[in-house]
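Remarks on the structure that follows.
Everything quoted here is computed from the prediction, not taken from an experiment.
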Amino acid sequence: MTDYFKSSKEAFHKLWGDIKRLPKALQIGLFGVVLMYVGVAGMISADAPWLVRGDTVQHVDYVWRLHNGEIPKRSDGIQYPVFVEHAGVSKPQAASKNPPLFYAIHAPFVGSLLNSGHWQLGIAVGRSINIIIGILCILALAWGGWLLGGKNRALHALAVPALTVLIYRFTRLNVDFALDNLLVLFATLSLIFSYKIIKQGPSTQRIVILALLSIAGMYTKVSFIVFLATNLLAIFLSVLVHSKQPWKDKLIKASIPALLVLVGVLVAVGWYYYIYDYKVSGNLYTARPDGVTGGRPVKSFQDVITSSDLWGLFYRNFTRSQVISAFIAGFSLAGVLTIVHKNRQKLLQNQIILLTICVMALAVIGTFFVQMKHAVGIGSINFRYMLPVMLPFGLFLSYGLLYLKWTRGLIMAMVAIFMGLTSIGAYAAANHAYFGSKIPDKLFGGMYTAGADNGVSAVVITLLLLAFIAGSVMFARSVFKLSGSQK
């Protein structure tokens, strides 16, 4: 165990040294991406009413209950007094289907504010914590772009996070106090370490990291089961690739660590899914009993599979304009297919890359099937449920948009900035619909009016807007500078 911690410390020092040696333009550009994200997500978080329709009250009630020493059950309903009094909430505690990790992160900071009655401030602090988790997602996505970016890894390390965290569905997660950003973080890190273990071999440290990520992910949301499966597959494949034993012996050797990790995860998290989901509803996926609809229309599997919204998840949601999103997806697809065609021989001979592509493809397919399962019945079809595979989506967009070298990466930069602008615009339009004639125009006037209604100073809104503008400039300049050495 001492040797393990020693090697972990050495790995951390090596990682820190690698970060300091990153190209200056990449460091500045990543800071720009952070500013862009904080600007957009911050404005949306400052403008969204503290108490919105949807799941906010359930998530915040969960935080309050956990802070006071109990995990809620569905039958408990919403118990936070202010919510019951203020909104007349008497519906089931549907968030109880989720494991407690996300809420445990919030509880020490938000719970005491809720206890003292300062629930608006508590929600504001919670939204700030979620933005910090979003920044960690930026760093993880940049790491994934760096590792999988090939000869132009610095450019991809910038492009991958910029082309994902500014998507509207990610920037507005705070409106619902949603836990998906934490899920994105663990899913992204899982795919990164899956690549590393396939490439570098099945060391004890890498297996332990994947095991811990699997436990953390399953303690966040049941849909992480897709990445639990890809983590186990990556461990299995790494032994097959790097062992020199006969095939029969390799298969046995590869199965052992994967099974040990699976057993460890089941022991660590199985109790929660059994007590709070299975005993309540009869299945491990949800705490909602069969037949409960909540007044929502019920969709059959045929309704879901034939829905254009379902298949539109792959191309409609990169910006708030479905037409422009489809164009971006088509342009990226053309670039990726051209790259694959030109490098098909190298790709076919690179076993590590092929296996990594297979693992990521399975993650995308698995996440898509989880969305389908959720939609059958009373669930919705929403790009939010595809966010865990932001790394594969980001790599797809990054490679496709950067293919034309003569553009110096500016097409990619404009797409990322446009994503942020349409996210701001979409929420400003929602504010206009909410406040009506109180708003002088549908864009920035709406942001200031909604912020004022929340008690947020116009200075804060202005600083967030300036952060987005400054970040956009830093990001575009860094992309242009790094593209000068594009290969």
Output the distance between atom OG (S214) and atom CG (L262), rounded to the nearest 0.5 Å. 9.0 Å
Can you check whether H156 reaches L148 side chain to side chain, under 4.5 Å on heavy atoms? no
Using a 6.0 Å cut-off, check whether atom CZ of F31 has over 12 heavy atoms from anything other than its own residue. no
Test your reading of the model: is there a side-chain donor-acceptor pair from N454 to the backbone of A46, 3.5 Å cut-off? yes
Test side-chain contact (heavy atoms from CB on, under 4.5 Å) applied to L401 and L163, step by step: CA-CA 10 Å; L401 294 172; L163 293 168; 4.0 Å; yes
Heavy-atom donor-acceptor pair, Q27 side chain to L22 backbone, under 3.5 Å: yes
List, one per line, each side-chain donor-acceptor pair under 3.5 Å for residues 467-474, sequence neighbours excluded.
from	atom 1	to	atom 2	distance (Å)
S472	OG	F468	O	2.8

Between the side chain of Y273 and the main-chain N/O of M218, is any donor-acceptor distance below 3.5 Å? yes
Partners meeting ring pair (Phe, Tyr, Trp, His ring centres under 6.0 Å) with F318 (sequence neighbours left out): none
Proximity of F396 and F393 rings by center, below 6.0 Å: no
Measuring from atom CD1 of I138 to atom OG1 of T164, what distance do you get when rounded to the nearest 0.5 angstrom? 8.0 Å
Take W146 and L26, measure what side-chain contact (heavy atoms from CB on, under 4.5 Å) needs, and give me the verdict at the end. CA-CA 10 Å; W146 177 267; L26 175 56; 3.7 Å; yes
Using modelled atom types and a 3.5 Å cut-off, is there a donor and acceptor pairing between side-chain atoms of T319 and backbone atoms of S321? yes
If only atom types and distance count, is the side chain of S423 paired as donor or acceptor with the main-chain N or O of L166 below 3.5 Å? yes
Testing the basics here: between S45 and I131, what is the closest heavy-atom pair and its distance to 0.1 Å? OG-CD1, 4.0 Å
Show me the pairs that pass salt bridge (charged side-chain N to carboxylate O under 4.0 Å, His left out) and involve residues 106-131, at least two apart or across chains. none
Determine the interplanar angle of the H59 and Y103 rings, folded into 0 to 90°, and report it as parallel if under 30°, tilted if 30 to 60°, perpendicular if over 60°. parallel
Less than 4.5 Å apart, side chain to side chain, heavy atoms only: is that true for K199 and S238? no
May I ask you to test the V40-R172 pair for a side-chain heavy-atom distance under 4.5 Å? no
Is it true that, when you exclude I225 itself, more than 12 heavy atoms of the residues, nucleotides or ligands shown sit nearer than 6.0 Å to its CD1? no
When you compare the side chain of P257 with that of F236, does any pair of heavy atoms fall below 4.5 Å? no
Do the side chain of D61 and the main chain of Y80 share a donor and acceptor less than 3.5 angstrom apart? yes
Which heavy atom of V63 sits nearest a heavy atom of G111, and at what distance? CG1-N, 4.3 Å
Run the side-chain contact (heavy atoms from CB on, under 4.5 Å) test against S112 and tell me which residues pass, sequence neighbours left out. H67
For the residue pair I44 and V175, what are the closest heavy atoms and their distance? CG2-CG2, 3.6 Å
Minimum heavy-atom separation for V160 to S398, with atom names? CG2-CB, 4.0 Å
One pair to check against side-chain hydrogen bond (donor to acceptor under 3.5 Å, both in side chains): N68 and N115. What are the steps and the verdict? CA-CA 9 Å; N68 289 288; N115 275 342; 3.2 Å; yes
Determine whether the aromatic ring centres of residues F368 and F314 are separated by less than 6.0 angstrom. yes
Within-4.5 Å side-chain heavy-atom neighbours: Y37 and C137: no
Considering all heavy atoms of both residues, which atom of I105 and which atom of I129 are nearest to each other, and what is their separation? CG2-CG2, 4.2 Å
Using side-chain heavy atoms (C-beta onward) and a distance below 4.5 Å, is R74 in contact with K97? no
Tell me, please, which residues at least two apart from F193 pass ring pair (Phe, Tyr, Trp, His ring centres under 6.0 Å). W143
Side chains of residues 265-272: which donor-acceptor partners sit under 3.5 Å, not counting sequence neighbours?
from	atom 1	to	atom 2	distance (Å)
W271	NE1	Y219	OH	2.8
W271	NE1	A268	O	3.1
Y272	OH	Y62	OH	3.2
Y272	OH	S96	O	2.5
Y272	OH	N98	O	2.6

Test your reading of the model: is there a side-chain donor-acceptor pair from S325 to the backbone of Q322, 3.5 Å cut-off? no
So do Y385 and L313 actually touch side chain to side chain, heavy atoms under 4.5 Å? no
For A162, which residues count as a side-chain contact (heavy atoms from CB on, under 4.5 Å) partner, sequence neighbours excluded? V33, A416, F475
Does the side chain of H106 come under 3.5 Å of the side chain of N130 through a donor N or O and an acceptor N or O? yes
Go through the steps to decide whether V57 and V60 satisfy the test side-chain contact (heavy atoms from CB on, under 4.5 Å), and finish with yes or no. CA-CA 5 Å; V57 292; V60 179; over 6 Å; no
For residues 207-228, the salt bridge (charged side-chain N to carboxylate O under 4.0 Å, His left out) pairs (sequence neighbours left out) are D180-K221
Exercise answer: donor-acceptor pairs, residues 185-192 side-chain atoms, under 3.5 Å, sequence neighbours excluded:
from	atom 1	to	atom 2	distance (Å)
T188	OG1	V184	O	2.8
S190	OG	F186	O	2.8
S190	OG	N231	ND2	3.3

Could I get the full list of ring pair (Phe, Tyr, Trp, His ring centres under 6.0 Å) partners for Y195, not counting sequence neighbours? none
How far apart are the C-alpha atoms of K73 and Q93, what are their side-chain angles, what is the distance that settles it, and do they pass the side-chain contact (heavy atoms from CB on, under 4.5 Å) test? CA-CA 7 Å; K73 294 182 179 179; Q93 172 45 286; over 6 Å; no
Mind checking what makes salt bridge (charged side-chain N to carboxylate O under 4.0 Å, His left out) contact with R320, not counting sequence neighbours? none
Checking the side chain of D309 only, and the main-chain atoms of I381 only, is there a donor and an acceptor separated by less than 3.5 Å? no
What heavy-atom pair brings P388 and L183 nearest, and what distance separates the two atoms? CG-CD2, 3.6 Å
Who passes salt bridge (charged side-chain N to carboxylate O under 4.0 Å, His left out) against R169, sequence neighbours left out? none
